[in-house]
**Q** 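Mind having a look at this structure? Questions to follow.
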Amino acid sequence: MPVARPEQQQPRVIAHVDMDCFYVQVEQRRNPALRGQPTAVVQYNDWKGGGLIAVSYEARGFGVKRSMRGDEAKRVCPGINLVQVPVARDKADLNLYRSAGSEVVAILASKGKCERASIDEVYLDLTDAAKEMLLQAPPDSPEEIFMEAAKSNILGLPSDASEKEKNVRAWLCRSDADYQDKLLACGAIIVAQLRVRVLEETQFTCSAGIAHNKMLAKLVSGMHKPAQQTVVPSSSVQDFLASLPVKKMKQLGGKLGSSLQDDLGVETIGDLLSFTKEKLQEQYGVNTGTWLWKIARGISGEEVEDRLLPKSHGCGKTFPGPKALKNSTSVKGWLDQLCDELSERIQSDLNQNKRIAQTLTLHARASKENERDLAKKFPSKSCPLRYGTGKIQEDAMKLFESGLQDFLESQNTGWIITSLSVTASKIFDIPSGTSSILRYIKGHSPAASPAIPDSSSVPEDPSLGDVP
DNA sequence: TACGGTCACACT
DNA sequence: TAGTGTGAC
């Protein structure tokens, strides 16, 4: 599944910034009494105290894990504060965390190309900024910033010494360093500066990795947490990867990683070096085989995309065990709720970002009554997206009915639904400037079934004739 | 499948 | 294309 990209030839400076237990920090900012205390964020709490989705470092000290339920967390850490995710329309509402994530992205995007990788992670391409710093102001910056940079962890530097910070300062300023290391040192200073700004302006701490590509930056951003950063000089890459367990590598946490272990006996990334490119390609196909061969050597050409906003919006909910939905009426009720939220989210995307979504997709999970038939999957269905809550609800229900027909294959058995979700995708920018939003929408919609917003979502423009 | 709700992306 | 599957957090 992963695929190799042609690698850049000139050295780049890439950072991966990762917010520390982000949802907890958002709640701690809202309620400062929670600061410094064992805290976790849970969603729902009627069943075993709810599921943990973020855990503070104090709570982790007690052995609290993200895979636990609230009750279990209370058992290992009786003093823990469990904060509930807001609920709206009878489902978890993550908007608070989404907007907090946007605050952070707005700051991080100021120094170079910035890619929102998830609600609490970004990649930065700091190559140009680092080169510029190197050109005019060799590693020497305001003491406040340099102090933060001096706390960096440099992979391959002796870290146990009491002299650590002195060593790091020396590394950052080393005049005999090669060009690549000097760029990384500048990157480390820039990232330190950004992290200080994030803290000052949002009260959130984050950790970061700085390296020559995304893969390495991502690998180390979580190595020293919380509120720290880690640098990967080229000279330390091979030793680092040699002992890295395959499962730690992004993309190898699942079946592919298991296959490497079980089928090839590969336990660490270093073990991969003993396989030829041809052997890996034979085992996993040209694309994945080539990718594996490269990552074993620390090579990754994946670029940082210039994207601050998500490419799709989805709303979903699971109905586990006895909560499963058993008839069309309850499905309709929940679908209406999900579509209501989705409609609100794409409407604010349109208003705030001038972006429009073109496809509506419905996903569901289903089982047939009393039967052990786990194999048959409920098919996903999609259609052109029409703006307006009512339209979305209507279309989503039609998609469900169509999917249900395929699922049942004209058998007359009962069914239950254990999860539902609706997603808006194929989101495009509306070119700013000339003419109105409507002209664009009408002119560029699929001919067969145009995604024309209803009058409640986008005002009609009477001056506009029919589309060309 | 009682690890939820969202995301991205490769493949066909 | 629409739909499937994997993987991450």
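Each chain gets a letter, A, B and so on, in the order its sequence line appears, and its residues count up from 1. All of these numbers come straight from a predicted model, not from anything done at the bench.
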**Q** Please determine if A:E302 and A:K218 form a salt bridge, counting it only when a charged side-chain N lies under 4.0 Å from a carboxylate O.
**A** no

**Q** Mind checking if A:K426 touches a base, just sugar-phosphate, or nothing, with heavy atoms under 4.0 Å?
**A** sugar-phosphate

**Q** Are A:K248 and A:F240 in a cation-pi contact, defined as NZ or CZ under 6.0 Å from the six-membered ring centre and within 45° of the axis?
**A** no

**Q** Could you list the residues that satisfy ring-ring contact (aromatic ring centres under 6.0 Å, His included) with A:F378, not counting sequence neighbours?
**A** A:F400, A:F407

**Q** What are the bounds, 5' to 3', of the part of DNA chain C that sits under 4.0 Å from heavy atoms of chain A?
**A** C:dA2 to C:dC9

**Q** Does a sphere of radius 6.0 Å around CD in A:Q9 hold more than 12 heavy atoms from other residues, nucleotides or ligands, not counting ones at 6.0 Å or beyond?
**A** no

**Q** Each nucleotide in nucleotides 5-12 of chain B should get exactly one letter: B, S or -. Can you fill that in based on protein heavy atoms under 4.0 Å?
**A** SSSSBSS-

**Q** Restricting to non-hydrogen atoms, name the atom on A:S382 and the atom on A:T361 that form the minimum distance, rounded to 0.1 Å.
**A** CB-OG1, 3.4 Å

**Q** How is A:K218 classified with respect to the nucleic acid when contacts are heavy atoms under 4.0 Å: base, sugar-phosphate, or nothing?
**A** sugar-phosphate

**Q** Kindly give the heavy-atom pair with the smallest separation between A:R195 and A:A208, and that separation in Å.
**A** CD-CB, 4.0 Å

**Q** Residues from residues 48-63 of chain A sitting under 4.0 Å of DNA chain B, heavy atoms only?
**A** A:I53

**Q** Considering residues at least two apart in sequence or located in another chain, which fulfil the ring-ring contact (aromatic ring centres under 6.0 Å, His included) criterion with A:F319?
**A** A:W334

**Q** Base, sugar-phosphate, or nothing: which does A:I119 touch, judged by heavy atoms less than 4.0 Å apart?
**A** nothing

**Q** Say we look at B:dC3 and C:dG7: how far apart would their C1' atoms be, to the nearest angstrom?
**A** 14 Å

**Q** Can A:K311 and A:E305 be counted as an ion pair, charged N to O under 4.0 angstrom?
**A** no

**Q** Just jot down the side-chain hydrogen bond (donor to acceptor under 3.5 Å, both in side chains) partners of A:Q405, sequence neighbours excluded, or say none.
**A** none

**Q** Can you name the one residue among A:T359, A:L385, A:L360 that meets side-chain contact (heavy atoms from CB on, under 4.5 Å) with A:S425?
**A** A:T359

